[in-house]
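In what follows, a structure is listed as structure tokens, so that the remarks can point back to it.
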Amino acid sequence: MKMKKIRSDMEIAQTAELKPIREIAESLGIAEEEIDPYGRFKAKLTDGLMERVKSNPDGKLILVTAINPTPAGEGKTTVTVGLGEAMQVIGKKAIIALREPSLGPCFGLKGGAAGGGYAQVVPMEELNLHFTGDFHAITSANNLLAAMLDNHIQQGNELRIDPKQIVWKRCVDMNDRVLRNITVGQGRKVDGVTREDHFIITVASEIMAILCLCDGMKDLKKRLSKIIVAYSYDGKPVTAKQLHAVGAMAALLKDAIRPNLVQTLEHTPALVHGGPFANIAHGCNSIRATKTALKLADYTITEAGFGADLGAEKFLDIKSRIAGLHPDAVVLVCTIRALKHNGGVPKEKLKEENIDALKTGIVNLEKHIENVAKYDVPCVVALNHILTDTPAEIQFVREFCESKGAEFALADVWADGGEGGKELAEKVVATIDNKPSKYHPLYEDSLPLKDKIEIIATEIYGAARVEFTGDSLKQLERLTALGFGSLPICMAKNQYSLTDDKSIVGAPRDHVIHVREVYVSAGAGFVVALTGSVVTMPGLPKVPAAEHVDVDDAGHIKGLF
């Protein structure tokens, strides 16, 4: 590996030489009139382009996922970006399809989501802060519906909405725990009906899921109309259509549903669109972006949020099912430091060689390899190389993966960009050529909702059983009676563990998954099961990343990572 002067991600991104976005579009065969530039280096694709290319043959689809996140870091987005750059290095026409970053983790604990080192999507600051305004549009559409709901109750409540059965929540794209449970309508009679209300983060909004799962304006409006906002006094669902909110919401979202085009540091095209979290939502970028990418390049590299137990499961069981996608390969990212963390090594000692801890912690990787195999999609393990990795540790992981039937490749993309990902790119291409995917979902649509939850918990999480607490069983019965029994399941679970207890690492077996609440996202087309103590409005850590972000007198942003 050739060494470079170590610079921060921010420094690398800010000193990069970007190509005008028109040149990036041209490299994909996109005409100037088929993009709407947002400044010099980002643009939205037009509906005309997506209509023109829809008859093109599909390229190969590669999903990048990872082991469970650890404080040691895994670098899933970095490997995704680096793999896209490496594909171009080996002469393949590739495009990356990613989610948009949320301001919540950017200012909270996790930081931005543009990759790292010499495998980044740029412009990095714009990508992480506001971008093209899609999240603002989603937030506005969500809160317009909330405002029209409360206004309907205030103005006579013709639909007989039960204020105690309102399920639609307001949202904001920020980690703000004090908004989880609030009281609205206080004050005078004209200020509305007093009731308990709740906020969720924008990336958990059903509007975000709908934007990422719709295939155009007609489908968007159809899905928006199905949103259940509340139940009436006699138990009937009340929808956005009944509140006459669909047209206005669609107007707010008309540009947001179009994918965004940007580039990597090495000018590989990237479609960045949509951003649901995988721990509390379905964790995948938009279907429109993925399908368009498949029509524009020979290889599309996309990712799903957090570990394979969340993001990959939802990509394979929700997004692929709804969109009719057929993934050709899965790249499973890990680091030696993260594996040693799973083996019980404290963070301050992760740089030391420790084969014994590696042997103990590699069970987490083993479980994810096992899970990918359940879908009959070939798997390539990408070891995201870090300078402290020793040859003995690398060799151990390589031999372990090959003994489990998974291909293995070392990735040095953080340090060397596309050149550092050549081994991985070549391995992925060879795997696709020699091991055809026989992808299928984990469960059938016809299974009862309860059975689907239990299959995910036992097959993917390794649980012995599921314990349904509170009103969750009654909620399942109600949703089935309302006609939602055939929908896929979106599990809301912490990302750090295969269990619903984030403190348990490794690959525990025969634990219990606790489901405390179940509700339907009727417009998105899935049923959400909340497990453990997971929340849909995160909070900031004791020292939020926002404390280190600043802008100098020349307008240059500092402190993003």
Side-chain angles (χ1 to χ4, degrees), residues 161-169 180-181 195-198 200 204 206 209 226-239 277-283 309-310 313-314 317-318 321-322 441-495 497-502 504 508-537:
I161 294 169
D162 181 356
K164 293 186 178 180
Q165 294 193 77
I166 292 174
V167 295
W168 191 251
K169 299 176 175 65
R180 290 172 184 164
N181 304 291
R195 66 177 180 87
E196 181 181 347
D197 201 4
H198 313 271
I200 58 177
E206 186 177 351
K226 294 180 180 179
I227 293 173
I228 295 175
V229 298
Y231 292 88
S232 65
Y233 286 110
D234 53 4
K236 294 181 180 179
V238 179
T239 66
F277 283 175
N279 58 345
I280 52 179
H282 80 281
D309 57 317
L310 290 171
E313 187 274 316
K314 292 169 182 178
D317 281 324
I318 298 177
R321 186 193 306 261
I322 290 173
L442 187 66
Y443 53 81
E444 298 295 330
D445 292 334
S446 58
L447 285 177
L449 294 171
K450 182 173 179 288
D451 290 2
K452 294 171 185 173
I453 292 172
E454 290 173 338
I455 286 173
I456 295 170
T458 56
E459 294 289 321
I460 302 300
Y461 306 157
R465 62 185 177 89
V466 177
E467 183 177 312
F468 294 89
T469 62
D471 293 329
S472 58
L473 285 175
K474 290 181 180 179
Q475 292 162 348
L476 284 170
E477 292 175 2
R478 183 185 201 182
L479 295 179
T480 301
L482 288 171
F484 299 116
S486 63
L487 297 183
I489 296 294
C490 180
M491 298 289 281
K493 180 183 73 67
N494 83 83
Q495 63 268 34
S497 172
L498 288 161
T499 75
D500 56 21
D501 179 349
K502 65 181 182 180
I504 301 176
R509 301 277 180 169
D510 300 328
H511 50 278
V512 177
I513 293 292
H514 304 85
V515 173
R516 72 176 196 272
E517 182 182 348
V518 182
Y519 62 88
V520 66
S521 291
F526 52 67
V527 170
V528 180
L530 294 176
T531 72
S533 58
V534 69
V535 294
T536 52
M537 169 54 82

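Side-chain atoms of Gln475 come within 3.5 Å of backbone N or O of Val518 as a donor-acceptor pair. Checked by atom type and distance alone, the side chain of Ser521 never pairs as donor or acceptor with a backbone atom of Glu206 at under 3.5 Å. Under a 3.5 Å cut-off, the side chain of His511 and the backbone N or O of Tyr461 do form a donor-acceptor pair. Side-chain atoms of Lys314 do not come within 3.5 Å of backbone N or O of Cys490 as any donor-acceptor pair. No donor-acceptor pair under 3.5 Å is formed between the side chain of Arg516 and the backbone N or O of Ser472.
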Dump the intermediate steps for side-chain contact (heavy atoms from CB on, under 4.5 Å) on Ile166 and Glu196, then the final yes or no.
CA-CA 9 Å; Ile166 292 174; Glu196 181 181 347; over 6 Å; no
Evaluation steps, side-chain contact (heavy atoms from CB on, under 4.5 Å), between Lys450 and Phe468
CA-CA 9 Å; Lys450 182 173 179 288; Phe468 294 89; 3.8 Å; yes
For the pair Thr499 and Asp501, evaluate side chain to side chain donor-acceptor pair (under 3.5 Å) and give the outcome as yes or no after the intermediate values.
CA-CA 5 Å; Thr499 75; Asp501 179 349; 5.4 Å; no
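With sequence neighbours left out, the side-chain contact (heavy atoms from CB on, under 4.5 Å) criterion links Ser486 to no other residue.
Between Lys493 and Asp309 a salt bridge is recorded (basic side-chain N to carboxylate O distance below 4.0 Å).
Atoms OG1 and NZ, from Thr239 and Lys226 in turn, are 11.0 Å apart once rounded to the nearest 0.5 Å. In this structure, Asp317 CG and Leu442 CG are separated by 5.0 Å, a value rounded to the nearest 0.5 Å. With values rounded to the nearest 0.5 angstrom, Ile161 atom CD1 is found 13.5 Å from Trp168 atom CH2. Atom OH of Tyr519 sits about 15.0 Å away from atom CZ of Arg478, to the nearest 0.5 Å. Note that CG of Asp500 is 7.0 Å distant from CG of Asn494, once rounded to the nearest 0.5 Å. Put simply, CZ on Arg321 and CZ on Phe526 are 13.0 Å apart, with the number rounded to the nearest 0.5 Å.
No side-chain heavy atom of Glu454 sits under 4.5 Å from any side-chain heavy atom of Ile513. Here the side chains of Leu476 and Ile453 are in contact, with some heavy-atom distance below 4.5 Å.
Tested against Thr531 for a side-chain contact (heavy atoms from CB on, under 4.5 Å), the candidates Met491, His514, Glu517 yield a single pass: Met491.
Between Thr458 and Ala464, the shortest heavy-atom contact is CG2-O, 4.0 Å. For Ala492 against Ile280, the heavy-atom pair with the smallest separation is CB-CA, 4.1 Å. Nearest heavy-atom pair across Val527 and Phe484 is CG2-O, 4.1 Å. Lys452 and Glu444 get closest at one heavy-atom pair: CE-O, 3.5 Å. Considering every non-hydrogen atom in both Glu313 and Ile460, the closest pair reads CG-CG1, 4.2 Å. Considering every non-hydrogen atom in both Ala281 and Ala204, the closest pair reads CB-CA, 4.4 Å.
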